[in-house]
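Some notes on the structure that comes next.
The first residue in the sequence is number 1, and the count goes up from there.
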Amino acid sequence: MSDHVTTHQAQEDARNESLLIYVDGKMKPRAEAMVSVYDSGFMLGDGVWEGLRLYDGRWAFVDEHLDRLFEAAKAIDLDIGMTRDQVFAALEQTRAANDMHTDVHARLMVTRGVKRLPFQHPSLSVSGPTVVIIMEHSKPKAPRPIRMATVPHQRGLPMTQDPKLNSHSKLNCILACIAAEKAGADEALMLDVHGFVNTTNACNFFIVRKGQVWTSTGDYCMNGITRQKVIDLCRANDISVFERNYSLVDTYGADEAFLTGTFGAQSPVSEIDGRVIGSGQLGPVTERIRVLYKALIQQETAK
């Protein structure tokens, strides 16, 4: 499609061509920022990551992001090799090296490090971990609401690959994204193992029905920080919100739908599987949540 949109679409910024990237404690020019072909992340997708945003010189919800990073690392038995304070200092070092102040997106990645042999056993990782921080000047710029398509790929059970892990192994979500694009959509709507509406390939998903905000139970989706902030804001501002099972029938009949994520905050959805959702534009409840979220960001970054 000529007008394809992504949920991470940003304004072009020439400053990103001369970025300095943090690689294991050293600041490297973009063209020189590399890891070994034996790195566990490159070879096997063995690692975890976080995406953070900088507003007015401060990282939004940084404590929650670091909580999630260290929890995920513990879950996969990966020693980050740095304390929380050291990880935060690395973020600040990278920010300062690039003279960044606002509208910045950071991808903080930790892998199990360089392997001795090209096989999967974790004990073969003999040098590491590998820690990389990429920061870009990144201001969201989606020209229209998101079009979605339901795909056969699911966010599965925690005994396969727990969907709450922000892991480097994203192939399932990538395949979902490809399927949606083949169907002429921008983003994939993924169901859970019971056939209920769950999440998308890159974001958390909400609908609005008769003024009520619905999202999935959270059992099979990423434990999104923006997702939780939206739920908390609704509860604090007398907006009815439910974490529940609901179907595609409920979704097609919704008055509004929107996505949440660290990058785009709240992105409106215009259609799903060819069905126009509500007016096909940003709806009043989504707009109110956006206003509340912007106020929360201002409060968070004023501390």
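In this structure, CG on Leu282 lies 5.0 Å from CD on Glu287, to the nearest 0.5 angstrom. Separation of atoms CZ (Phe258) and CZ (Phe206) is listed at 5.0 Å; rounding is to 0.5 Å. With values rounded to the nearest 0.5 angstrom, Thr199 atom OG1 is found 8.5 Å from Leu189 atom CG. Note that CG of Asp232 and CG of Leu292 are 12.0 Å apart. Values are rounded to the nearest 0.5 Å.
Legend: residues meeting side chain to side chain contact (heavy atoms under 4.5 Å, CB included) with His8, ordered by chain and number and at least two apart, are Thr6, Ala202, Phe263. With sequence neighbours excluded, the residues that form a side chain to side chain contact (heavy atoms under 4.5 Å, CB included) with Pro118 are Tyr38, Met43. Residues satisfying the side chain to side chain donor-acceptor pair (under 3.5 Å) criterion with Asn98, sequence neighbours excluded, are absent altogether. Under the side chain to side chain donor-acceptor pair (under 3.5 Å) criterion, Arg68 pairs with Glu50, not counting sequence neighbours. By the side chain to side chain contact (heavy atoms under 4.5 Å, CB included) test, Leu259 is found to be paired with Thr7, Ile146, Met148, Glu187, Thr200, Cys203, Phe205, Ser267, Val269, residues two or more places apart in sequence or in another chain being considered. With sequence neighbours excluded, the residues that form a side chain to side chain donor-acceptor pair (under 3.5 Å) with Thr217 are Asp219. Residues passing the side chain to side chain contact (heavy atoms under 4.5 Å, CB included) test with Glu71, sequence neighbours excluded: Asn223.
Without hydrogens or angle criteria, Asp39 side chain to Gly41 main chain gives a donor-acceptor distance under 3.5 Å. For Asn16 (side chain) and Glu136 (main-chain N/O), no donor-acceptor pair under 3.5 Å exists by modelled atom type. Judged by distance alone, the side chain of Arg275 and the main-chain N or O of Asp273 form a donor-acceptor pair under 3.5 Å. The closest donor-acceptor contact from the side chain of Glu256 to the backbone of Val285 lies under 3.5 Å. The closest donor-acceptor contact from the side chain of Arg290 to the backbone of Gln266 lies under 3.5 Å. Within the 3.5 Å criterion, the main-chain N or O of Asp56 finds a donor-acceptor partner in the side chain of Thr102. At least one donor-acceptor pair under 3.5 Å links the side chain of Gln161 to the backbone N or O of Ser169. Side-chain N or O atoms of Asp186 include none that pairs as donor or acceptor with a backbone N or O of Glu181 at under 3.5 Å. Without hydrogens or angle criteria, Asn201 side chain to Ile174 main chain gives no donor-acceptor distance under 3.5 Å. At least one donor-acceptor pair closer than 3.5 Å links the side chain of His121 to the backbone N or O of Ser123.
Taking 4.0 Å as the cut-off between side-chain N and carboxylate O, Lys164 and Asp162 do not count as a salt-bridged pair.
Contact annotation: the side chain of Leu54 never approaches that of Met135 to less than 4.5 Å [non-hydrogen atoms, C-beta and beyond]. Between Val104 and His137 the shortest side-chain heavy-atom distance falls below 4.5 Å.
Cation-pi check for Arg53 over Trp59 is not met; the charged atom does not lie both under 6.0 angstrom from the ring centroid and within 45 degrees of its normal. Cation-pi geometry between Arg155 and Tyr220 is not met: the NZ or CZ atom fails to fall both under 6.0 Å from the ring centre and inside 45° of the normal.
In this structure, Asp63 and Arg84 approach most closely via the heavy-atom pair O-NH2, 3.5 Å. Of all non-hydrogen atoms in Ile277 and Thr251, the two that sit nearest each other are CD1-O, 3.6 Å. Between Ser125 and Gly113, the shortest heavy-atom distance links the atoms OG-O, 4.1 Å. Of all non-hydrogen atoms in Gly280 and Ser270, the two that sit nearest each other are O-CB, 3.2 Å. Smallest separation of non-hydrogen atoms from Cys234 and Ile289: SG-CD1, 3.9 Å. Taking each heavy atom of Pro143 and Gln9 in turn, the nearest pair found is CD-NE2, 3.7 Å.
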Next on the checklist: Using the rule given for side chain to side chain donor-acceptor pair (under 3.5 Å), can you reason through Glu243 versus Ser216, listing the C-alpha separation, both sets of side-chain angles and the distance that settles it, and then say yes or no?
Outcome noted: CA-CA 5 Å; Glu243 294 177 86; Ser216 71; over 6 Å; no

Checklist entry - Under the side-chain contact (heavy atoms from CB on, under 4.5 Å) criterion, do His168 and Thr111 qualify, and how do the steps go? => result CA-CA 8 Å; His168 280 222; Thr111 78; 3.7 Å; yes

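Listed by first and then second residue, the salt bridge (charged side-chain N to carboxylate O under 4.0 Å, His left out) pairs that reach into residues 102-125 are Asp46-Arg112, sequence neighbours excluded. A side chain to side chain donor-acceptor pair (under 3.5 Å) check over residues 22-36, counting only residues at least two apart or in different chains, returns nothing. Applying the salt bridge (charged side-chain N to carboxylate O under 4.0 Å, His left out) test to residues at least two apart or on different chains, the pairs with a partner in residues 88-102 are Glu92-Arg95.
Results of the side chain to side chain contact (heavy atoms under 4.5 Å, CB included) test with Phe61 over Leu52, Ile225, Thr262, Leu66 single out Ile225 as the only residue that passes.
Hydrophobic clustering keeps Ile231 apart from Met222 (ILVMFWY residues linked when any side-chain heavy atoms are closer than 4.5 Å, directly or through intermediates). Under a hydrophobic clustering in which Ile, Leu, Val, Met, Phe, Trp and Tyr are joined whenever their side-chain heavy atoms come within less than 4.5 Å, directly or via other members, Ile133 and Val114 fall into different clusters. Both Val87 and Val131 are members of a single hydrophobic cluster when ILVMFWY side chains are connected at heavy-atom separations under 4.5 Å. Hydrophobic clustering (side-chain heavy atoms under 4.5 Å, transitive across Ile, Leu, Val, Met, Phe, Trp, Tyr) groups Met100 together with Met27.
Summarising the local packing, OH of Tyr246 is surrounded by more than 12 heavy atoms from other residues, nucleotides or ligands at distances under 6.0 Å. For CD of Glu12, the number of neighbouring non-hydrogen atoms (other residues, nucleotides, ligands) closer than 6.0 Å is 12 at most.
If you chain together ILVMFWY residues whose side-chain heavy atoms come under 4.5 Å of each other, Phe119 ends up grouped with Leu117, Leu124. Using a 4.5 Å cut-off between side-chain heavy atoms of Ile, Leu, Val, Met, Phe, Trp and Tyr, Val276 forms no hydrophobic cluster with any other residue.
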